[in-house]
Amino acid sequence: MLKGKNIVVCVTGGIAAFKAVSVVSSLVKLGAAVDVIITRHAAEFVTPLSFRSITKTPVVTDMFEEPKVTEIEHIALAEKADLFLICPATANIIGKIANGIADDMVSTTVMATRAPVLICPAMNTNMYENPIVQGNIERLKSYGYKFVEPDSGRLACGTEGKGRLPEPYGIVRRVLMEIACEKDLNGLKVLVTAGPTREAIDPVRYISNGSTGKMGYAVAEAAALRGAEVTLVSGPVSIEPPLGVEVIDIISAEDMYRAVMERESEFDIIVMAAAVGDFRPESRAENKIKKAAGPPEIKLTQNPDILAELGRRKNRRALVGFCMETRDLLESAAEKLEKKNADIIAANNLNTPGAGFGTDTNVVTLLFRDGRDRMELSGSKAEIADVILTEAAKLLSK
Ligand code: CTP
């Protein structure tokens, strides 16, 4: 995802500097060419050699023991970078950049770049909340510098509060948001539903299905990476929420119906990837049903069909549904396209190897309402998500 991208990672002195090693390692694995600049203080916490072993590139440092790189090359670094990542960023480096001080390798090179700069502050809570630091952060934001908010929690100094460097995973995903894709969905609002719903029988039991949410989450993440403003209405799943996406957690089909209908009119593209339960128990037992009374008879009633209701309120937006079957896939998908007034149905067969719940891949046929030829797709859920979004966005420009 980062092939062909040049990232300069600046590591400044704090206990969180060790996390920069795994950030750099992930960026390299994603295909980026990474140069590391490390301050003298950071080198007290983590060695240049750790970074050099991962990037296979000399580390730029203020320390003379490391292979020397000339001043001109630092400017070259500043010029070739697609992104500067300062991770972790101390109060000191934030203060220097905000005030135009360039007295070491990091501050000098950052000053010389026109690339976007993403700053990950990490420090003691009182330092972070200090009005001088906050003022510097605000000033930098006003110049277009971007920040990764620190996490709250127990800090190395023993105090609790805001100031901890987020886990490497979150930082890497933020880098992806900044530079991984062309922002061709900028300005569009995308609503995605994902995961299963749970229909309660009693306080401890429910009817549900095997959806893990992976397909819908992949669509939401792809849309966000491509610059869309994304809302994800999600049933109960155990995967990480995509970065940069507003997540609305729901439990039942009726919850999902309400969450979607409250907002639907704002969106340009709606993708219904959720495996919405068609039926729910007519009533939910107030207390746990006891086995002694014998197997209960559970009367079911129909849930609202969210996609069909969206189809009725369609306007000019692009509406995408999914169709998961175990037989007669294409007939059934064509019928749903028609009946639910969707523009695109992504049809997949649960029994096809590499398709269905829980896998990282999918095998999908796209059916289009405008009479275009069907499209056969197979690949990672992320790749399929991209095609679905591209096709949905094309409908908007018609
Ligand atoms: N869907 C929905 N609301 C429901 C059921 C389904 O919005 N109550 C949406 C799904 O999110 C999906 C599409 O409709 O995008 C098709 O879902 P699917 O379960 O394949 O079809 P159903 O309409 O439930 O029909 P059947 O179960 O008879 O195949």
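Note that ligands are numbered from 1 as they come in the structure, with each ligand's atoms numbered from 1 the same way. For this chain, numbers begin at 1 and follow the sequence in order.
- Any N or O atom pair closer than 3.5 Å counts here, and Phe322 shares at least one such pair with ligand 1.
- Between Ser332 and ligand 1, not a single N/O pair is under 3.5 Å apart.
- Of all protein heavy atoms, the one lying nearest to atom 5 (C) of ligand 1 is Asp278 OD1, 3.3 Å.
- Counting heavy-atom neighbours within 6.0 Å of Glu178 CD, excluding the residue itself, gives a total above 12.
- Of the listed options Lys339, Lys336, Met324, Lys336 places a heavy atom closest to atom 18 (P) of ligand 1.
- On a distance-only criterion, Ala308 and ligand 1 share no N/O pair closer than 3.5 Å.
- Geometrically, ligand 1 and Val276 share no nitrogen or oxygen pair separated by less than 3.5 Å.
- When each of Glu246, Glu266, Glu264 is paired with Lys189, the salt bridge (Lys or Arg N to Asp or Glu O under 4.0 Å) condition holds for Glu266 and for no other.
- Ion pairing between a basic and an acidic side chain is recognised when a charged N comes within 4.0 Å of a carboxylate O; Glu129 and Lys162 show no such pairing.
- For the pair Asp103 and Lys96, the salt-bridge criterion is met [side-chain N within less than 4.0 Å of a carboxylate O].
- From the protein, the heavy atom lying nearest to atom 9 (C) of ligand 1 is Leu307 CB, 3.8 Å.
- Using a 4.0 Å cut-off between a side-chain N of Lys or Arg and a carboxylate O of Asp or Glu, Arg284 and Glu199 do not qualify as a salt bridge.
- A pairwise comparison of heavy atoms in Asp82 and Ile179 identifies O-CG2, 3.9 Å as the closest pair.
- Between Ala273 and ligand 1, a contact under 3.5 Å exists for no N or O pair.
- Salt bridge absent: Glu221 and Lys214 never bring a charged side-chain N and a carboxylate O closer than 4.0 Å.
- The nearest protein atom to atom 8 (N) of ligand 1, hydrogens excluded, is given as Pro304 O, 2.9 Å; this is a heavy-atom distance.
- Using a cutoff of 4.0 Å between basic side-chain nitrogens and carboxylate oxygens, Glu262 and Arg258 are not scored as salt-bridged.
- Salt-bridge formation is not detected for the pair Glu182/Arg226: no Lys NZ or Arg NE/NH1/NH2 atom is positioned less than 4.0 Å from an Asp or Glu carboxylate oxygen.
- Between Ala253 and ligand 1 there is no heavy-atom distance shorter than 4.0 Å.
- Residue Glu325 has at least one heavy-atom neighbour below 4.0 Å for each of these atoms of ligand 1: 29 (O).
- Scanning the protein for heavy atoms near atom 3 (N) of ligand 1, the closest one is Ile306 N, 3.0 Å.
- Ranked by closest heavy atom to atom 6 (C) of ligand 1, the top entry among Lys340, Gln302, Glu309, Met272 is Lys340.
- The number of heavy-atom neighbours closer than 6.0 Å to CD of Glu282, taken from other residues, nucleotides and ligands shown, is above 12.
- Distance check for atom 28 (O) of ligand 1: every protein heavy atom is found at 4.0 Å or beyond.
- Taking every heavy atom of Gly321 and a limit of under 4.0 angstrom, the matching atoms of ligand 1 come to 15 (O).
- For the residues Ala275, Gly216, Ser211, Ala274, the heavy atom positioned nearest atom 11 (O) of ligand 1 is part of Ala274.
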